[in-house]
Amino acid sequence: MYPGDRQSGEGLARRAVWRVGSAFGALAVLLAAVGFYYWFIARVEVGTDEILILVNKTGRDVPAGLKDDDLLSQVVLYPELVKAIAAHTGESEEEVRSGYKGIRYEVLKAGRYFPNPYFYRRIVTKTTVIEQNEIGVKVCKFGKPLPFPKTVATAPDERGPWHEILKPGRHDINPLAYEVLRFPLIEIPPGHVGVVTLLSGDDPTVKNTYTVGPGEKGVQQETLPPGLVYENPYLKKVDIVDVRNQKYDMRDADAIQFPSNDSFTITMEGTITWAIMPDRVAEVTVAYGDQQDILDKIIMPNARSIARIQGSKLPAREFIGGQTRKAFQDKLLAALQRDCRAQGIDIKDALVRAIHPPPEIASLISQREQAAQEIERSTNQMAEARSEALLVEQKEVQAQNAAVGDARREVVTVVMEAEQGKVVSVTQARREHEVAKLRLEAAEKEAAAIRSRGQADAHVVLLEYQAEAEPLKAAVEAFGDGHTYAQQFFLRKIAPAITSILSNTEGPFAEIFKQFQAFPAAGAQSGGGE
């Protein structure tokens with residue numbers, strides 16, 4: 001360095017200063033290099049919505065004593081694997097985590113870290129966020145395969161879908177250890193229920209049933225009410241079933257056809273209102289299926305069967321009348337409710353809108369119905385005639401009683417006149433009664449004459465002639481015989497003319513009496529002359 005100054009004190013001092021300066025310079029360079037390394041190379045900044053995953057690049061492999069174990073093939077240093085290695089080697093769990101190759105199970109959250117890139121592979125990734133309208137399911141990439149027949153992992157060292165779900169929110173999950181599957185949130189709307197099928201659980205205690213007990217694998221008897229459902233689709237399957245009232249119109253191609261008692265084909269159109277019984281929703285869904293299956297397998301087969309059974313008891317003409325149709329509808333509803341309730345379906349109503357008979361008999365049946373209505377109308381008229389006759393008779397009896405009471409307070413002559421008036425009134429009442437009776441008979445004949453009009457018309461004419469002759473006959477009987485009645489009728493007709501003639505002072509007949517008045521005067525004159 002300074003050869004000439006080696007022996008001098010000044011040279012020694014200079015060497016010491018140089019050495020100290022070199023040491024400080026080297027230290028400064030070293031500190032700068034270390035600072036540069038950690039700040040620019042080793043430093044990892046993890047944001048608030050990120051996580052840091054470390055992968056051990058150096059270290060030991062899994063011990064040979066674990067070669068036959070299923071854990072040998074795993075590259076994730078998850079807790080169960082760490083415990084197994086620690087138990088095998090006698091090391092602590094922390095020594096296993098840092099001393100063996102593989103993916104570290106734990107993740108580092110938001111912050112600043114300085115992992116050595118020579119020892120670690122550093123992976124910064126986004127944290128897992130489950131949205132409000134979805135759920136997440138973790139699928140473990142490590143562990144033992146699931147034993148049959150399990151569908152979800154329940155033990156910490158099992159590989160496959162995890163039994164717990166991730167609800168909406170942020171979750172710091174290692175994506176190298178777990179795959180997160182997202183599923184839309186199940187929403188059961190009002191008027192619906194959720195039928196739950198447990199995909200993993202105990203074997204059913206009772207075999208060959210549509211539903212099983214709680215916790216048993218299969219369709220659960222209890223259903224979910226309306227609302228949001230947070231269920232693991234690998235553990236539970238939820239089918240939404242509508243339990244509101246449903247209407248099915250049987251028309252056109254869906255109309256029911258059945259034979260009548262007289263072998264005519266009858267077509268019936270109607271509407272059936274139905275719903276699934278709330279306590280049997282799960283059973284019905286498993287046994288039959290959706291709404292269309294329920295219609296095809298339960299409601300329509302029963303409706304057709306009942307319609308054929310009830311329809312075959314009646315002739316075709318009976319289906320025209322409203323009363324018969326109403327009775328047929330009531331029987332159809334009662335039988336349909338009974339049969340469908342046994343299968344879990346509640347029939348609210350079965351309305352028969354129209355029944356169409358064959359065209360070849362429709363007009364004839366319509367005419368028959370009109371005839372039946374005409375008979376019913378005539379029967380009502382006859383009943384009214386009977387009522388009117390009875391009323392007239394009662395009025396006459398009341399008038400008779402009143403006349404008798406008045407006659408008792410008068411002289412014998414007035415009494416006799418009242419008796420005669422009574423007789424006349426009773427005779428007239430009987431005559432009117434007979435006339436009403438004849439009209440009643442005529443109405444009955446007229447109703448029956450719809451089937452045979454010619455005979456009915458002749459009979460009605462005959463009854464009318466009898467009705468006209470009956471009052472004359474009654475009048476003759478009242479006077480005893482025909483001669484007396486004729487004499488009375490003659491005198492009654494001629495009496496006004498005789499009275500008019502006798503009371504008239506003018507005319508040819510009056511001249512005769514005037515001549516009788518003139519004779520005495522003439523005799524007096526002749527006598528005086530003699």
Side-chain angles (χ1 to χ4, degrees), residues 38 41-63 66-67 69-89 91-131 134-147 150-183 232-235:
Y38 276 99
I41 298 177
R43 179 174 63 93
V44 177
E45 297 285 349
V46 181
T48 56
D49 59 344
E50 296 176 331
I51 57 174
L52 173 61
I53 303 170
L54 298 180
V55 180
N56 294 341
K57 299 168 61 177
T58 62
R60 299 183 296 276
D61 293 329
V62 176
L66 299 179
K67 286 184 178 180
D69 198 289
D70 289 335
L71 304 177
L72 178 63
S73 60
Q74 309 301 319
V75 294
V76 179
L77 297 174
Y78 62 96
E80 295 300 319
L81 176 60
V82 171
K83 291 179 182 178
I85 296 176
H88 181 76
T89 61
E91 299 173 291
S92 66
E93 294 184 6
E94 183 60 32
E95 289 176 338
V96 173
R97 292 190 186 94
S98 60
Y100 285 83
K101 297 178 182 179
I103 302 170
R104 288 206 175 191
Y105 178 80
E106 297 79 8
V107 298
L108 301 177
K109 300 181 182 181
R112 179 178 297 163
Y113 302 95
F114 300 92
N116 191 333
Y118 174 78
F119 299 106
Y120 302 104
R121 178 187 173 191
R122 304 165 304 173
I123 302 173
V124 177
T125 184
K126 293 288 184 181
T127 187
T128 302
V129 177
I130 305 299
E131 302 296 337
E134 63 183 11
I135 60 172
V137 177
K138 295 190 302 181
V139 180
C140 297
K141 298 180 180 180
F142 55 82
K144 302 175 182 178
L146 290 176
K150 291 184 67 174
T151 59
V152 292
T154 56
D157 60 343
E158 290 181 337
R159 184 192 313 149
W162 191 244
H163 68 283
E164 295 180 351
I165 63 171
L166 302 176
K167 292 187 177 182
R170 172 178 170 172
H171 303 273
D172 298 324
I173 298 174
N174 189 339
L176 299 182
Y178 296 99
E179 178 185 2
V180 177
L181 302 179
R182 303 170 187 269
F183 298 92
N232 190 335
Y234 287 96
L235 181 62

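We use all heavy atoms of the structure for the numbers below, so side chains are in, but hydrogens, waters and symmetry mates are not.
Side chain of K138 to main chain of A177: no donor-acceptor pair is present (N/O by atom type, distance under 3.5 Å, no hydrogens or angles). Looking only at distances, a side-chain donor or acceptor of N232 sits under 3.5 Å from a matching main-chain atom of H163. For E158 (side chain) and T154 (main-chain N/O), a donor-acceptor pair under 3.5 Å exists by modelled atom type. Formation of a donor-acceptor pair under 3.5 Å by the N174 side chain with backbone atoms of I51 is not found in this model. No side-chain donor-acceptor contact under 3.5 Å links R97 to the backbone of Y105.
Remark: R121 CZ is loosely packed, at most 12 non-hydrogen atoms of other residues, nucleotides or ligands lying under 6.0 Å away. The neighbour count for Y38 OH, taken as heavy atoms of other residues, nucleotides or ligands under 6.0 Å away, does not exceed 12. Applying the 6.0 Å contact sphere to NZ of K83 captures no more than 12 heavy atoms from other residues, nucleotides or ligands. Heavy-atom contacts from other residues, nucleotides or ligands closer than 6.0 Å to NZ of K167 number 12 or fewer.
Side-chain N/O atoms of D172 and T127 include a donor and acceptor closer than 3.5 Å.
Closest approach of L146 and A153 over heavy atoms only: CD2-CA, 3.7 Å. Closest approach of I135 and P233 over heavy atoms only: CD1-CD, 4.2 Å. Across all their heavy atoms, R104 and I53 have their closest contact at O-CG2, 4.5 Å. Contact between G143 and R159 at its shortest, heavy atoms only, is O-NH2, 2.9 Å. Here the closest heavy-atom approach between residue I130 and residue L166 is recorded as CG2-O, 3.9 Å. Contact detail for G59 and K101: the closest heavy-atom pair is O-CE, 3.3 Å.
The closest side-chain heavy-atom distance from V137 to Y234 is below 4.5 Å. Side-chain contact between Y178 and H171 is absent, with no heavy atoms from C-beta onward closer than 4.5 Å. Between V76 and K141, the closest side-chain pair of non-hydrogen atoms is not below 4.5 Å. Counting only heavy atoms from C-beta outward, the side chains of D49 and K126 approach each other to under 4.5 Å. Two residues are said to be in side-chain contact when any heavy atoms from C-beta on lie closer than 4.5 Å; R60 and E91 meet this criterion. Within the 4.5 Å cutoff, the side chain of D157 has heavy atoms near those of the Y78 side chain. Residues Y120 and V44 are not in side-chain contact: their nearest non-hydrogen atoms beyond the backbone lie 4.5 Å or more apart.
Of the options N116, V55, L54, a side chain to side chain contact (heavy atoms under 4.5 Å, CB included) to R122 is made by L54 and by none of the others.
Here CG of L77 is found 6.5 Å from CD1 of I85. Values are rounded to the nearest 0.5 Å.
Under the rule for a salt bridge (charged side-chain N to carboxylate O under 4.0 Å, His left out), E179 has no partner lying at least two apart in sequence or in another chain. Scored by the salt bridge (charged side-chain N to carboxylate O under 4.0 Å, His left out) test, R43 finds E45 as partners (sequence neighbours excluded).
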Candidate pair E50 and T125, rule side-chain contact (heavy atoms from CB on, under 4.5 Å), full reasoning: CA-CA 6 Å; E50 296 176 331; T125 184; over 6 Å; no

